[in-house]
Number of protein chains: 2
Amino acid sequence: MVDQLLVNQNRTMIDKFSEVKVESPSDMIIRQIRSLISSGELKPGDKLPPERRLAEKFGVGRSQVRDAIKKLEFYGILKTHPQSGSVVSGIGIVALEGLITDVLQIEEHDFRSLVETRILLEKQTASLAAQRRTDDDIVHLTNALRAYEDKTKRGEPAVEEDLLFHIKIAEVGKNNVLKSLMMIITPDIVVNFNKYKVCNDSNVNKSLKEHQAILDHIVNQDPVKAAMAMELHLRDVLEFSKSMKSE
Amino acid sequence: MVDQLLVNQNRTMIDKFSEVKVESPSDMIIRQIRSLISSGELKPGDKLPPERRLAEKFGVGRSQVRDAIKKLEFYGILKTHPQSGSVVSGIGIVALEGLITDVLQIEEHDFRSLVETRILLEKQTASLAAQRRTDDDIVHLTNALRAYEDKTKRGEPAVEEDLLFHIKIAEVGKNNVLKSLMMIITPDIVVNFNKYKVCNDSNVNKSLKEHQAILDHIVNQDPVKAAMAMELHLRDVLEFSKSMKSE
DNA sequence: AACCAATAATTGGTCGACCAAATATACCAA
DNA sequence: TTGGTATATTTGGTCGACCAATTATTGGTT
């Protein structure tokens, strides 16, 4: 009650500090765990204190600690064994420092980096697909391209089918990690696609031909040409995005 | 009570089905949400039913639903607005299908895929680093290499310093996404490093020279040679790992 | 009828309590 | 002393209840 009054009285002063409260609670916990590690209290390889103790030490509920641990586990920094405890991953303390700070800023993907990386990944998937494709794979790829073609011919937006074709290529490449990484950056790309309206009508025809060319090279098992066709395709997208961005 | 008795009576029969229960509860929820989407009950862009309703519908607690939603949010498939609801991301329903099934299997990183992808990423980071390095960057890289050298000269294991050097190169490349992706796969690599004892004494000398070569090419701003040196370096690791694995 | 304020219902976030599995401890027998 | 078993404790997983913010509803005023 009294606290509430004080808050209202100091509203203008509170506003000046509000900017530091943008970081979410779980991020704060992550930062605290990081400090535990860098201060030497937590060496890689040994067990994390139990969630209850951490919650008490940080003065928060156990839920938030669990959230933080889950996030860290997601990025491979921790490994949680049920009914036993969480263990700091084998990676060294020095590298950990850099890792964790990066996790907190992992969303800051600027557009240039995004497209640049996508080109890299997709060139490789195209190359691998050309090397490792089976006859079954060709059927799947053809179907995916057909679906894309049908929708564009009807004048409908086909961003989904476009991406699906690319994902199928990644599957044919038969490299789990590569595909997973593509999966991770794909949502960001879609967001930016919609933001900059990359896929308008004037581009779909060219895009369709480029897709067909990529597929042809994969069918012919020509890794180099497949990669080049993919790069050409994506390079167009990049250039177009640049022009949109400068508007 | 009665159910319990039935379960005990049918223990042998239950055992036959136990194999399907290996998937974690939250994965089951993810699968269910996916079926909700593919059945058309959930179209991209509109709000997810409230957590309580989902929990009731799936016959589980709300915690598990929250876990599933958080996992999906990690991958950008959902976006949660506090006190308002979760929204299906703009990405299309078709692509979602592929995405979600992949999320469930995203941990199956086999070793070949891992090293293959690492080579790809690191070649690019080396190339970019050679293109974009500043004078300050060189100082940092040199220090990192020095730290690695010192520790190896003393005969101590220096896996951390090794990786730190690579991470520094990624930073010099100035591509957020690329660095983030390297961060993601690095823990897996370390685990496998320790498993196969890649960095033994006979290799450290060679490794050190290769690191120096990479650094030189970055200093000379020669992207092609930097990438080649990096590939050479990592290719050795791959070959060595292969031989260890076949033991 | 239109608009706005006050109130009621809904919703995700948080917390504490309970559960079952895993581990540590204590105790007894050989 | 040693080995194993039974018990006690610890631990992450799960659940239901409560909280604050948001949204929907309602009622009244203009």
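The sequence lines fix the lettering, A, B, ..., with proteins before strands; numbering per chain opens at 1. None of the values given here were measured: they were computed from a predicted structure.
Closest to the side chain of A:Arg52, out of D:dG13, C:dT14, C:dG13, is D:dG13. When distances run from any side-chain atom of B:Gln83 to the nucleotides D:dG12, D:dA21, C:dT14, the shortest one goes to D:dA21.
Rounding to whole angstrom units, CG of residue B:Leu48 and C1' of C:dT10 are separated by 15 Å. Note: NE2 (A:His81) to C1' (C:dT23) measures 14 Å, nearest angstrom. One can place NZ of B:Lys71 at 14 Å from C1' of D:dG13, the figure rounded to the nearest angstrom. With rounding to whole Å, A:Lys70 atom NZ is found 14 Å from C:dG13 atom P. Between A:Glu51 atom CD and D:dT11 atom C1' there is a gap of 8 Å when expressed in whole angstrom units. A:Lys47 has its NZ atom 8 Å from the C1' atom of C:dT23, to the nearest Å. The separation between B:Met28 atom CE and D:dG13 atom C1' is 14 Å, rounded to whole Å. Regarding A:Gln64, its CD atom lies at a distance of 10 Å from the P atom of C:dG16, rounded to whole Å.
At the phosphate of C:dT11, OP1 or OP2 sits under 4.0 Å from a side-chain N or O atom of B:Arg53.
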Between B:Ser207 and B:Asp162, is the side chain to side chain donor-acceptor pair (under 3.5 Å) condition met? List the steps. CA-CA 9 Å; B:Ser207 185; B:Asp162 183 0; 4.6 Å; no

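If you check every strand for non-hydrogen atoms under 4.0 Å, B:Ser84 touches sugar and phosphate atoms only.
For A:Arg62 against D:dG13, a side-chain-to-base donor-acceptor contact under 3.5 Å is present.
Put simply, the side chain of A:Lys168 never gets that close to the backbone of A:His166: no donor and acceptor are under 3.5 Å apart.
Salt-bridge formation is not detected for the pair A:Arg132/A:Asp137: no Lys NZ or Arg NE/NH1/NH2 atom is positioned less than 4.0 Å from an Asp or Glu carboxylate oxygen. With respect to A:Glu73 and B:Lys70, no salt bridge is recorded, no charged nitrogen being found less than 4.0 Å from a carboxylate O.
The structure places NZ of A:Lys57 at 9.5 Å from CD of A:Gln32, a figure rounded to the nearest 0.5 Å.
DNA chain C is contacted by both B:Ser63 and B:Pro50; B:Pro50 maps to the nucleotide lying nearer its 5′ end (nearest heavy atom per residue).
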